[in-house]
K.L.:
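Starting off with a structure, shown below.
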Amino acid sequence: MKHIALAWFIVFLTACTSSTPETEKKPLNISINLWPGYAYAFVAQEKGFFEKYGVNVNLQYQTDYEEALKLYEMGEAEGIFLASTDVFSLNVKGILTQIVYVADYSDSADVVIGLPEYQNLSDLKDKTVSFEGVGTFSQLLVFKLMERAGLQEGEFKTANILASQVVDALDSGQIQAGHTWEPQVTEALQKGYKILGKAGDVPGVVLDVLSFHTDTIEQRPEDVQAVVNALVEAYQFVQTHYDEAISIMAKAEGISEAEMSQGVQQLHLLPLEENIAAMQANGTMFQSGQITIDFFMQKGQFIIQPDLNAVINAQFIQAVP
């Protein structure tokens, strides 16, 4: 009986020991929304790049940006693809988050679409313009575009409307213009609506990044590094196998290949060397961060001033092999 008991103890001990690596390799949940700028994360998943670098990633896809953000805020995701502006907002809320990778700069992918009778944004005085979420990159973009057109806060009305609902809001007369992106832009143009402004008109405002909770970075730095390595390889795959990459990305996000390709062409995806430069002190990421902080501090929407050096973490992009 002693021998049997000893044998069972050995089996039990072996089972406990073998389960430890599995615990350490639990999936890294990353929230991601419908956006062509970082859709190549699905390429990294489909082509096995995450697995290649030794990390198990679960991409939590949401169509709406706000829904993807909620997942992260609620702690259901360790990482998130989002606009850099919102990383600073998260930190102000006490959700300590760090940027580890810059996916793209938006040019003509983020736009303000308006009724056809308006020629430009300056025509929208006393009209209603929508953005998606108070304290978000969408608000920052709309206000900066309106400011560039000569209209200050109070000279136009605002509405908080999801990008996916902007076309419906235009149809109903709820708004006269609104911030949105693909595939809504194509739909709006087909209905005769007009692009009145784009992110490229105010450079440095819309950068899309990958970020993680600070405690995740501290507890799982090897996994964060593996994700960044995989994204760099996925970016390269997009450059060398464009059609296949577009097919993977479009299928994952539930849009047509034409819509995905058009969206990608309206963005500037960053290669490794530009990513490193953007994350350096006084690089584009720091400049964009300062624009964000200044804007929301002035409006009283940030109760504290985030530390750029604490939010922007360049160690992982610098360590890509």
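Start at 1 with the first residue, then count along the sequence.
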K.L.:
Evaluate Glu46 against Lys251 for salt bridge (charged side-chain N to carboxylate O under 4.0 Å, His left out), listing each step before the verdict.
P.N.:
CA-CA 11 Å; Glu46 177 72 18; Lys251 182 179 180 180; over 6 Å; no

K.L.:
Counting only heavy atoms not in Gln301, do more than 12 sit closer than 6.0 Å to its CD atom?
P.N.:
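Check passes, neighbour count above 12.
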
K.L.:
When you group the ILVMFWY residues by side-chain heavy-atom contacts below 4.5 Å and let the links chain together, are Leu272 and Ile99 in the same group?
P.N.:
yes

K.L.:
Would you call Lys299 and Glu153 a salt bridge, using N to O less than 4.0 angstrom?
P.N.:
yes

K.L.:
Quick one: sort the His268 and Tyr105 rings into parallel, tilted or perpendicular, breaks at 30° and 60°.
P.N.:
tilted

K.L.:
Could you check whether Tyr235 and Asp104, counting side-chain N and O atoms only, form a donor-acceptor pair closer than 3.5 Å?
P.N.:
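There is no such pair (donor and acceptor under 3.5 Å, judged by atom type) between the side chains of Asp104 and Tyr235.
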
K.L.:
Could you walk me through whether Phe156 and Phe143 pass ring-ring contact (aromatic ring centres under 6.0 Å, His included), step by step?
P.N.:
CA-CA 10 Å; Phe156 61 97; Phe143 275 74; 5.5 Å; yes

K.L.:
When you measure from the side chain of Asn160 to the backbone N and O of Gly133, does any donor-acceptor pair fall under 3.5 Å?
P.N.:
yes

K.L.:
Answer yes or no: is there a donor N or O on one side and an acceptor on the other, between the side chain of Asn120 and the main chain of Ser122, under 3.5 Å?
P.N.:
yes

K.L.:
Counting neighbours of NZ on Lys157 that are heavy atoms of other residues, nucleotides or ligands and sit closer than 6.0 Å, is the number greater than 12?
P.N.:
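No - once you tally the heavy atoms of other residues, nucleotides and ligands closer than 6.0 Å, there are 12 at most.
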
K.L.:
For Val202, does its backbone N or O pair with a side-chain atom of Arg148 as donor and acceptor, under 3.5 Å?
P.N.:
no

K.L.:
How far apart are the C-alpha atoms of Glu78 and Asn29, what are their side-chain angles, what is the distance that settles it, and do they pass the side chain to side chain contact (heavy atoms under 4.5 Å, CB included) test?
P.N.:
CA-CA 5 Å; Glu78 287 77 39; Asn29 297 311; 3.3 Å; yes

K.L.:
So if you build clusters from Ile, Leu, Val, Met, Phe, Trp, Tyr with side-chain heavy-atom gaps below 4.5 Å, do Phe286 and Phe302 land together?
P.N.:
yes

K.L.:
Between the side chains of Lys70 and Glu67, is the shortest nitrogen-to-carboxylate-oxygen separation below 4.0 Å, so that they form an ion pair?
P.N.:
yes

K.L.:
Which heavy-atom pair separates Tyr61 from Asn33 by the least distance, and what is that distance?
P.N.:
CE1-C, 3.7 Å

K.L.:
If only atom types and distance count, is the side chain of Thr180 paired as donor or acceptor with the main-chain N or O of Val185 below 3.5 Å?
P.N.:
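Checking the backbone N and O of Val185 against the side chain of Thr180, no donor-acceptor pair under 3.5 Å is found.
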
K.L.:
State the CG-CD distance between Asp215 and Gln98, to the nearest 0.5 angstrom.
P.N.:
10.0 Å

K.L.:
Check whether Leu71 and Leu90 end up in the same hydrophobic cluster, where Ile, Leu, Val, Met, Phe, Trp and Tyr are linked by side-chain heavy atoms less than 4.5 Å apart.
P.N.:
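Different clusters: Leu71 never reaches Leu90 through Ile, Leu, Val, Met, Phe, Trp or Tyr contacts under 4.5 Å.
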
K.L.:
Considering residues, nucleotides and ligands other than Gln298, do more than 12 of their heavy atoms fall under 6.0 Å from its CD?
P.N.:
no

K.L.:
Is there a donor-acceptor pair closer than 3.5 Å between any side-chain N or O of Tyr65 and the backbone N or O of Ala83?
P.N.:
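Yes: the side chain of Tyr65 pairs with the backbone of Ala83.
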
K.L.:
Looking at Phe88, is its backbone amide N or carbonyl O close enough to the side chain of Asn91 to form a donor-acceptor pair, meaning the two atoms are under 3.5 Å apart?
P.N.:
no

K.L.:
Please confirm whether the backbone N or O of Val102 pairs with a side-chain atom of Asn275, one donor and one acceptor, at under 3.5 Å?
P.N.:
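Here the side-chain-to-backbone pair exists.
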
K.L.:
Please answer: with hydrophobic residues joined when any side-chain heavy atoms are less than 4.5 Å apart, are Leu210 and Val55 in the same cluster?
P.N.:
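The answer is yes; both residues are in one hydrophobic cluster.
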
K.L.:
Can a donor-acceptor pair be found, under 3.5 Å and without considering hydrogens, that links the side chain of Ser89 to the backbone of Gly135?
P.N.:
yes

K.L.:
Rounded at 0.5 Å granularity, tell me how far NZ in Lys198 sits from CG in Leu141.
P.N.:
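So the gap between those two atoms works out to 11.5 Å.
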
K.L.:
With a 4.5 Å cut-off on side-chain heavy-atom distances among I, L, V, M, F, W and Y, is there a chain of contacts connecting Leu69 to Leu96?
P.N.:
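The answer is no; the residues belong to distinct hydrophobic clusters.
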
K.L.:
Sub-3.5 Å donor-acceptor pair from the side chain of Glu259 to the main-chain atoms of Ser256, do we have one?
P.N.:
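Answer holds: yes.
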
K.L.:
Would you say Gln225's side chain and Phe316's backbone share a donor-acceptor pair under 3.5 angstrom?
P.N.:
yes

K.L.:
Could you measure the distance from the CE atom of Met285 to the OH atom of Tyr101? Nearest 0.5 Å is fine.
P.N.:
14.0 Å

